[in-house]
Amino acid sequence: MTHHAMAAKAEVEAMPAGGHAVLDTVLEAVISRARGHLERLKQAEPAPQGAAAPSP
C-alpha cells in the first residue's frame with residue numbers, strides 16, 4: 001500500500017499542475033491508516049481451517 005501511495009503522489013507531482021503541499025499530508029494519512037489496518041489484521045483471530053478467503 002505504501003508503495004502505491006508514493007507512486008500515486010509521484011504521478012500527481014509529474015502532472016502539468018504539479019504537486020501541492022497537501023499531497024504530503026494525504027500520503028501520511030493513507031500510510032498511517034494502512035498501518036493501522038495491518039496491525040488490526042495481525043491481532044485478528046485466524047480464519048477457521050477450510051474457510052474461504054475474503055475476496056478483494
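Starting from 1, each residue takes its place in the sequence as its number. Quick caveat, the model's predicted, so the values are computed rather than measured.
Through direct or relayed side-chain contacts under 4.5 Å between Ile, Leu, Val, Met, Phe, Trp and Tyr, Leu27 connects to Met6, Ile31.
Under the salt bridge (Lys or Arg N to Asp or Glu O under 4.0 Å) criterion, Glu11 pairs with no residue at all, not counting sequence neighbours.
Residues in residues 17-36 take part in these side-chain hydrogen bond (donor to acceptor under 3.5 Å, both in side chains) pairs, two or more places apart or across chains: Lys9-Asp24.
Val30 and Val22 fall within the same hydrophobic cluster, defined by Ile, Leu, Val, Met, Phe, Trp and Tyr side-chain heavy atoms under 4.5 Å apart, directly or through other members.
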